[in-house]
Amino acid sequence: MPRKFFRKYLPSHEAIRNNRYIARFGALLQHPNLWHLNRHSVAGGVAIGMFSGLVPGPFQMLTAAILAVPLRVNLPVALATTLYTNPLTIGPLYVIAYWIGTLLVSGDSAPFSHPPGFDWSNLGAWLRALFEWSLSLGKPLAVGLVALAVGLAIAGYVIVQLAWRVHVVLAWRRRKRRRATNDPV
């Protein structure tokens, strides 16, 4: 992947180590994979971010951080990836999760009702209504959320691994062609 692009925006290892907030955690947040841009660390960060993005409520980034540190994947990528869920996408994602849950859970399921309409003027009431709507859907939604989160995490991991590999192979081929045209044999 374009490491040079990301390096412009990410802090250096020394800046991270010397940051007063991160220094409080000691060696816990100083593992190199938490901050390095390599294929496995970034793919793991995307997977954790995709999984954590479906955690209900405002605990998505906290969940991503709690999972990223012991699994030693890129922490900023994990946190940023959780942002795929927002007030505009959470409703459709929960509808998809409910549908997946009804396929996985046998028996009587709660009748489906449409999610509450989004209201910028009264965000707190909308969040409360969304929470109550989620609870009314019951077991199919809970099972569907876990299944969708795991599925998105696996898809994110595989896509990043493949995209990174394709980028590296294409760069090798470009370099090989450039050397062949510049190298008189």
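- A donor-acceptor distance shorter than 3.5 angstrom exists from the side chain of N74 to the backbone of H36, with no hydrogens or angles considered.
- In this structure, L103 CG and Y98 OH are separated by 10.5 Å, a value rounded to the nearest 0.5 Å.
- Proximity of R177 to T181: side-chain heavy atoms (C-beta onward) are nowhere separated by under 4.5 Å.
- Residue-environment remark: CZ (R173) stays at or below the threshold of 12 foreign heavy atoms within 6.0 Å.
- Linking Ile, Leu, Val, Met, Phe, Trp and Tyr whenever their side-chain heavy atoms come within less than 4.5 Å puts Y94 and M50 in one cluster.
- Taking CZ from R179 and CZ from R175, the interatomic distance works out to 6.0 Å, rounded to the nearest 0.5 Å.
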>> Run the side chain to side chain contact (heavy atoms under 4.5 Å, CB included) test on V46 and Y157 for me, step by step, so that the C-alpha distance in whole Å, both residues' side-chain angles and the decisive distance to 0.1 Å come before the verdict.
In response: CA-CA 6 Å; V46 167; Y157 185 85; over 6 Å; no
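- Connection of V95 to V143 is established within a shared hydrophobic cluster, with ILVMFWY side chains joined at heavy-atom distances below 4.5 Å, either directly or through further cluster members.
- No continuous path of hydrophobic side-chain contacts links I159 to V150 [ILVMFWY only; heavy atoms under 4.5 Å].
- A continuous path of hydrophobic side-chain contacts links L37 to V168 [ILVMFWY only; heavy atoms under 4.5 Å].
- Taking all atoms of both residues into account, the shortest heavy-atom contact from L54 to Y84 is CG-OH, 3.4 Å.
- Of all heavy-atom pairs spanning S52 and L67, the tightest one is OG-CD1, 3.9 Å.
- Considering V55, T81, I66, L79 as possible partners of M61, the one that fulfils the side-chain contact (heavy atoms from CB on, under 4.5 Å) test is L79.
- Closest approach of R72 and S41 over heavy atoms only: O-OG, 4.5 Å.
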> Where do L75 and W35 land on the side chain to side chain contact (heavy atoms under 4.5 Å, CB included) test, with the steps shown first?
Replying inline: CA-CA 6 Å; L75 183 60; W35 310 102; 3.9 Å; yes
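- Contact record, W172 with R165: CH2-NH1, 3.7 Å, taken as the closest heavy-atom pair.
- Looking at every heavy atom in both residues, L34 comes nearest to V69 through CD2-CA, 3.8 Å.
- No side-chain heavy atom of F51 sits less than 4.5 Å from a side-chain heavy atom of L152.
- Here the shortest heavy-atom pairing between Q161 and H40 reads NE2-ND1, 3.2 Å.
- Between the CH2 atom in W99 and the CG atom in L141 there is a gap of 14.5 Å [rounded to 0.5 Å].
- A distance of 9.0 Å separates CD1 in I100 from CG in L145, rounded to the nearest 0.5 Å.
- By the criterion of side-chain heavy atoms lying less than 4.5 angstrom apart, applied directly or through intervening Ile, Leu, Val, Met, Phe, Trp or Tyr residues, V158 is grouped together with V73 in one hydrophobic cluster.
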